[in-house]
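To start, the structure under review is shown below, and the notes come after it.
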Amino acid sequence: MRNPRPRPRPRLLAPLAALLLATACGAEHADQDRGAGAAVPAPRATVTDPPVDGVRITSVTIPSAFPTPSATLGSVHADRLPGDSGISAAYQVHNDGDEAMTYTVLFAFTTETGEVMDHKEVTVSGVAPAGSRSGTVDLGVLTPGASPVTRAKIEKVRKVPTAEAPVRTDACPASGLRLWADDGDAAMGLRVVGLHLENCGKTDYALDGYPELSLLDENREPVRGVRVLHGGAAVASGTGEDDPPVALTLKPGQSARSGLVWRNTTLAGTSVNVPYVRVLAKPGAAPVTVTPELDLGTTGRLGVGAWKRADR
């Protein structure tokens, strides 16, 4: 009985399998790198999108297995797999003015249909004239059950001269005072926003009266036709801004507060919105421009409380 002829050995099978395996692994790592590494480049079309008051989104990072970015006007789009995190947007701020500006930018992260899943606010300080600054805003981890985020867009930009920017925690300004506005309270059309003044200098600071206010529009030009009235009672009772002015002295480290009071009632006429208010703590003081976003409706009135000690 003859021995059967031995079959030829598939000598190339193992090397071929190794090659295919290496290629597959390489592709897998490349996809992982594209999904979870550096920011996904913005499509070329977004370069032509007009910036929002000098701010534009340059790219987004939305981790996924096969990101395929596309663009719509004013936003940058990319696919995302459910459950991914690490979402961010890269942006650039350009100052085409003739003085240093501080920008506050509100970013919105939305679904494919435009539903906002979260907002993030970024402050970019001291952008020099004709200068640009770049940065990245991170969304962070979405809450469980949130819809997939596929877009990032600029929702609002506010900018003030850096010399007039409110300071809350950083180095003490040359004036020796920190002045800022809080987020305020709103109920049944009534708005109250606090103004806070801290003596961060080395000498006493005397106050006696009300802050001086200048109302400014989107272009930081004066708003006409709105009366600034002393006391919250000029708008509504029970706001806590009705005390008469008293003389007080802030020693270093001490603080005072005032408040802005208004209603957003709209009847006949054109509604008035005032994004900026330039504040002087007292006549001759260094100005600080805050952004309380006054939606005054057609009321034509803004109440302001007298300075009082912050511990009252």
Query raised in the report: Would you say Leu197 and Leu207 make side-chain contact, with heavy atoms under 4.5 Å?
Result: yes
Report task. Could you walk me through whether Met117 and Thr110 pass side-chain contact (heavy atoms from CB on, under 4.5 Å), step by step? Result -> CA-CA 5 Å; Met117 290 293 100; Thr110 75; over 6 Å; no
Query - Salt-bridge contact Asp295-Arg191 (side-chain N to carboxylate O under 4.0 Å) - result: yes
Report task. Using a strict cut-off of less than 4.0 Å between a Lys/Arg side-chain nitrogen and an Asp/Glu carboxylate oxygen, indicate whether Arg257 and Glu198 qualify as a salt bridge. Result -> no
Query raised in the report: Any chance the side chains of Thr150 and Glu112 put a donor and an acceptor closer than 3.5 Å?
Result: yes
Query raised in the report: Checking side-chain contact (heavy atoms from CB on, under 4.5 Å) for the pair His119/Glu155: CA distance, chi angles, key distance, verdict?
Result: CA-CA 9 Å; His119 287 101; Glu155 192 156 289; 2.8 Å; yes
Query raised in the report: Just how far is it from atom CG of Leu139 to atom OG of Ser88, taken to the nearest 0.5 Å?
Result: 9.0 Å
Query raised in the report: Are Val160 and Leu195 connected in the hydrophobic side-chain network, where two residues link if heavy atoms are under 4.5 Å apart?
Result: no
Requested in this report: Check His196 against Gly194 and note the closest heavy-atom contact, atom names and distance.
Outcome: CD2-O, 3.6 Å
Requested in this report: Please confirm whether the backbone N or O of Glu221 pairs with a side-chain atom of Asn219, one donor and one acceptor, at under 3.5 Å?
Outcome: no
Query raised in the report: Are the side chains of Thr104 and Val122 in touch, meaning some heavy atoms are under 4.5 Å apart?
Result: no
Report summary line: Separation between CH2 (Trp262) and CG (Leu296), nearest 0.5 Å, reads 7.5 Å
Query raised in the report: Got Arg133 and Gln92 here, is their nearest side-chain heavy-atom distance under 4.5 Å?
Result: no
**Report entry** Test: Lys251 cationic atom under 6.0 Å from Tyr205 six-membered ring centre, within 45° of axis
**Finding:** no
Query - CG-CG distance between Asp96 and Asp53, expressed to the nearest 0.5 angstrom - result: 8.5 Å
Query raised in the report: If you look at every heavy atom in Trp307 and Leu248, which pair is closest and at what distance?
Result: O-CD2, 3.9 Å
**Report entry** Check against side-chain contact (heavy atoms from CB on, under 4.5 Å), Arg158 and Tyr276
**Finding:** CA-CA 9 Å; Arg158 295 291 181 244; Tyr276 301 101; 3.5 Å; yes
Query raised in the report: Once you round to the nearest 0.5 Å, how far does CZ of Arg278 lie from OG1 of Thr289?
Result: 4.5 Å
Query - Main-chain N/O of Ala90 paired to Thr58 side chain as donor or acceptor, under 3.5 Å - result: yes
Query - Least distance between heavy atoms, Val93 atom then Val124 atom - result: CG2-CG2, 4.2 Å
Query raised in the report: Between atom OG of Ser175 and atom CG of Asn199, what is the distance when rounded to the nearest 0.5 Å?
Result: 9.5 Å
Query raised in the report: Within the distance-only criterion (no hydrogens, no angle test), does the side chain of Lys308 pair as donor or acceptor with the backbone N or O of Glu241 below 3.5 angstrom?
Result: no
Report summary line: d(Ile62 CD1, Arg151 CZ) to nearest 0.5 Å is 10.0 Å
Requested in this report: Answer yes if Val52 and Phe109 sit in the same cluster of Ile, Leu, Val, Met, Phe, Trp and Tyr residues linked by side chain heavy atoms under 4.5 Å apart, and no otherwise.
Outcome: yes
**Report entry** Taking every non-hydrogen atom, the tightest pair across Pro166 and Val288
**Finding:** CA-CG1, 3.7 Å
Query - Partner of Leu179 by side-chain contact (heavy atoms from CB on, under 4.5 Å), out of Val290, Val167, Leu280 - result: Val290
Report task. Any chance you could pull the hydrophobic cluster mates of Val261, using side-chain heavy atoms under 4.5 angstrom and chaining through other members? Result -> Leu190, Val192, Val235
Report task. Start with the C-alpha distance between Val279 and Leu213, add both sets of side-chain angles, then the distance that settles side-chain contact (heavy atoms from CB on, under 4.5 Å), and finish with yes or no. Result -> CA-CA 5 Å; Val279 182; Leu213 309 179; 3.9 Å; yes
Query raised in the report: Lys156 versus Glu121: any side-chain heavy-atom pair under 4.5 Å?
Result: no
Query - Exercise: do Thr162 and Thr102 side chains pair donor with acceptor under 3.5 Å - result: yes
Query raised in the report: Applying the side-chain contact (heavy atoms from CB on, under 4.5 Å) test to Leu302, which of Val274, Val272, Leu215 qualifies?
Result: Leu215
Report task. Determine yes or no for a side-chain-to-main-chain donor-acceptor pair under 3.5 angstrom, with Arg227 supplying the side chain and Gly303 the backbone. Result -> no
Query raised in the report: Side chains of Tyr103 and Val55: does their closest heavy-atom pair fall under 4.5 Å?
Result: yes
Query raised in the report: What are the two closest non-hydrogen atoms of Ala89 and Ala152, and how far apart are they?
Result: CB-CB, 3.9 Å
Query raised in the report: How close do Pro252 and Gly201 get, heavy atom to heavy atom, and via which atoms?
Result: CB-O, 3.3 Å
Report task. Spell out, as yes or no, whether a donor-acceptor pair under 3.5 Å connects the side chain of Asp138 to the backbone of Gly140. Result -> no
Query raised in the report: Looking at Val304, Leu294, Val228, which hits side-chain contact (heavy atoms from CB on, under 4.5 Å) with Val277?
Result: Leu294
Query raised in the report: Can you say whether the rings of Tyr91 and Phe107 are parallel (under 30°), tilted (30 to 60°) or perpendicular (over 60°)?
Result: tilted
Query - Min side-chain heavy-atom separation Arg220-Lys159 under 4.5 Å - result: yes
Report task. Answer whether the closest heavy-atom distance between the side chains of Arg178 and Pro173 falls below 4.5 Å. Result -> yes
